[in-house]
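What follows is one structure encoded as structure tokens, with my remarks underneath.
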Amino acid sequence: MATGLVVNKPGNINNRCLTVLKRLVGNPKLGFEKGLVPQGESYTLSGPEIIIADDGHRQQKVVRFFKNYWLGVSFIFISHGGKHKLTNANIIVFKGEAFNPSKLPVLRAEWACQHHIGNGSHAQPHWHSYSNFDSQNPFNPKGEPAPTDFNPEDIPSYERTPELSKMEKFHYAMSSKWQEGDLNNHCIDFSKDSFIHWLEGCIEYTKNQLEYVG
């Protein structure tokens, strides 16, 4: 089970992450906005070009990633003996037009170490996949013909099905030692350096794969 990453203050991690994120999305004004959570703090993207993506299930602050893809990054730190422990990191990608807040979730990478939500049974870090994503027609998940006259109310929203919601809970392991005979879920802890490398690698790989699928 991953236990989290202890730092003197969240800025020790956040500032280094911002350096990576600004370069990857080409937005030098990117920042983090602090919020409060039980026993700690949350951090979500902030800046003049941040918008809200709504998939009918969650609202996420995102920045343009590339083309019509949008990137959201969020962290949770909890108080830990006078210091702070990073216990959750989320990287999520949506697809959609800037003018339409309803966007399709594509993929989410997560490292979650809160013991109280049962994460010991899941690989850490892991991927979540959104199977209703249609890379060819992302704004019309039902296959309905496009209206001849534009009306924002005619844009179909992202509707979730029970089957989709169930499969979104599947945790696809990022790191395992199955090839070495360790058949249990494999969880890893990060150092500050390895966490930054993981964040950068996830985002770079995701972009490369989305460009590959078109």
Side-chain angles (χ1 to χ4, degrees), residues 1-55 57-66 69-94 96 98 101 103 105-117 119 122 124-128 130 168 171 174 187-207:
M1 176 183 295
T3 59
L5 173 58
V6 177
V7 295
N8 290 325
K9 55 184 180 180
N12 296 148
I13 289 292
N14 292 350
N15 292 337
R16 293 182 63 185
C17 289
L18 282 175
T19 298
V20 171
L21 291 169
K22 289 175 181 179
R23 176 178 60 81
L24 292 178
V25 303
N27 185 337
K29 298 181 179 180
L30 209 57
F32 277 118
E33 179 179 354
K34 183 174 76 172
L36 297 179
V37 297
Q39 300 181 332
E41 302 169 350
S42 65
Y43 290 86
T44 54
L45 293 180
S46 66
E49 299 179 23
I50 297 296
I51 65 171
I52 301 295
D54 188 344
D55 67 359
H57 175 66
R58 67 173 64 82
Q59 291 187 334
Q60 176 83 38
K61 293 179 181 179
V62 295
V63 65
R64 188 181 293 278
F65 191 15
F66 70 103
Y69 289 101
W70 301 83
L71 178 71
V73 177
S74 60
F75 304 141
I76 291 177
F77 292 84
I78 63 171
S79 299
H80 183 76
K83 296 186 178 182
H84 301 267
K85 179 188 285 189
L86 176 62
T87 61
N88 186 280
N90 262 286
I91 304 167
I92 186 168
V93 176
F94 293 86
K103 291 180 172 54
V106 179
L107 192 67
R108 179 161 61 95
E110 183 177 34
W111 183 62
C113 305
Q114 302 101 311
H115 303 325
H116 65 280
I117 59 175
N119 282 321
H122 308 310
Q124 304 295 345
H126 56 263
W127 299 99
H128 290 280
Y130 297 87
E168 286 175 7
H171 296 66
M174 283 194 195
C187 301
I188 62 172
D189 272 313
F190 290 121
S191 66
K192 284 184 286 188
D193 288 340
S194 61
F195 178 78
I196 301 301
H197 294 324
W198 173 76
L199 178 86
E200 182 176 17
C202 277
I203 296 174
E204 288 271 23
Y205 183 77
T206 298
K207 181 178 181 180

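Numbers here are sequence positions counted from 1. This structure is a prediction, so every number in the text was calculated from the model and none was measured. Just so you know, these numbers use all the heavy atoms, side chains as well, and skip hydrogens, waters and symmetry mates.
- How far NZ of Lys103 is from CD1 of Ile52: 9.5 Å, rounded to the nearest 0.5 Å.
- The two residues Trp198 and Ala89 have their closest heavy-atom pair at CZ3-CB, 4.0 Å.
- Annotation: side chain of Leu45 is in contact with side chain of Phe32 (closest heavy-atom distance under 4.5 Å).
- The structure places NZ of Lys9 at 13.0 Å from NZ of Lys83, a figure rounded to the nearest 0.5 Å.
- Within 6.0 Å of OH in Tyr205 there are 12 or fewer heavy atoms belonging to other residues, nucleotides or ligands.
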| Chi angles and distances behind the side chain to side chain contact (heavy atoms under 4.5 Å, CB included) call for Met174, Cys202 | CA-CA 10 Å; Met174 283 194 195; Cys202 277; 3.7 Å; yes
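- Glu110 places no side-chain N or O within 3.5 Å of a backbone atom of Asn90 that could act as its donor or acceptor partner.
- When all heavy atoms of Lys192 and Ile13 are compared, the closest pair comes out as CG-CD1, 3.6 Å.
- Side-chain N or O atoms of Trp111 include one that pairs as donor or acceptor with a backbone N or O of Ile188 at under 3.5 Å.
- To the nearest 0.5 Å, the span separating CG on Leu71 from CD on Gln60 amounts to 9.0 Å.
- Taking every heavy atom of both residues into account, Arg64 and Ala98 meet most closely at NH2-CB, 3.7 Å.
- Atom-to-atom distance recorded for Asp193:CG and Phe195:CZ is 12.0 Å, nearest 0.5 angstrom.
- Rounded to the nearest 0.5 angstrom, Leu199 CG and Glu204 CD are separated by 10.5 Å.
- Ring-plane geometry between Phe77 and Phe75 is classed as perpendicular, the angle between the planes exceeding 60 degrees on a 0 to 90 degree scale with a lower cut at 30.
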| field | Test log, rule side chain to side chain contact (heavy atoms under 4.5 Å, CB included), inputs Arg58 and Ile92 | value | CA-CA 11 Å; Arg58 67 173 64 82; Ile92 186 168; 3.9 Å; yes
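- The backbone N or O of Gly4 lies less than 3.5 Å from a partner atom in the side chain of Asp189, making a donor-acceptor pair.
- The heavy-atom pair separating Pro105 from Tyr130 by the smallest distance is O-CB, 3.3 Å.
- Just one residue in the list Val25, Ile91, Val93 forms a side-chain contact (heavy atoms from CB on, under 4.5 Å) with Ile203, and that residue is Ile91.
- Trp127 contributes no side-chain N or O that, together with a main-chain N or O of Leu107, makes up a donor-acceptor pair within less than 3.5 Å.
- Note that CG of Leu24 is 7.0 Å distant from CZ of Phe65, once rounded to the nearest 0.5 Å.
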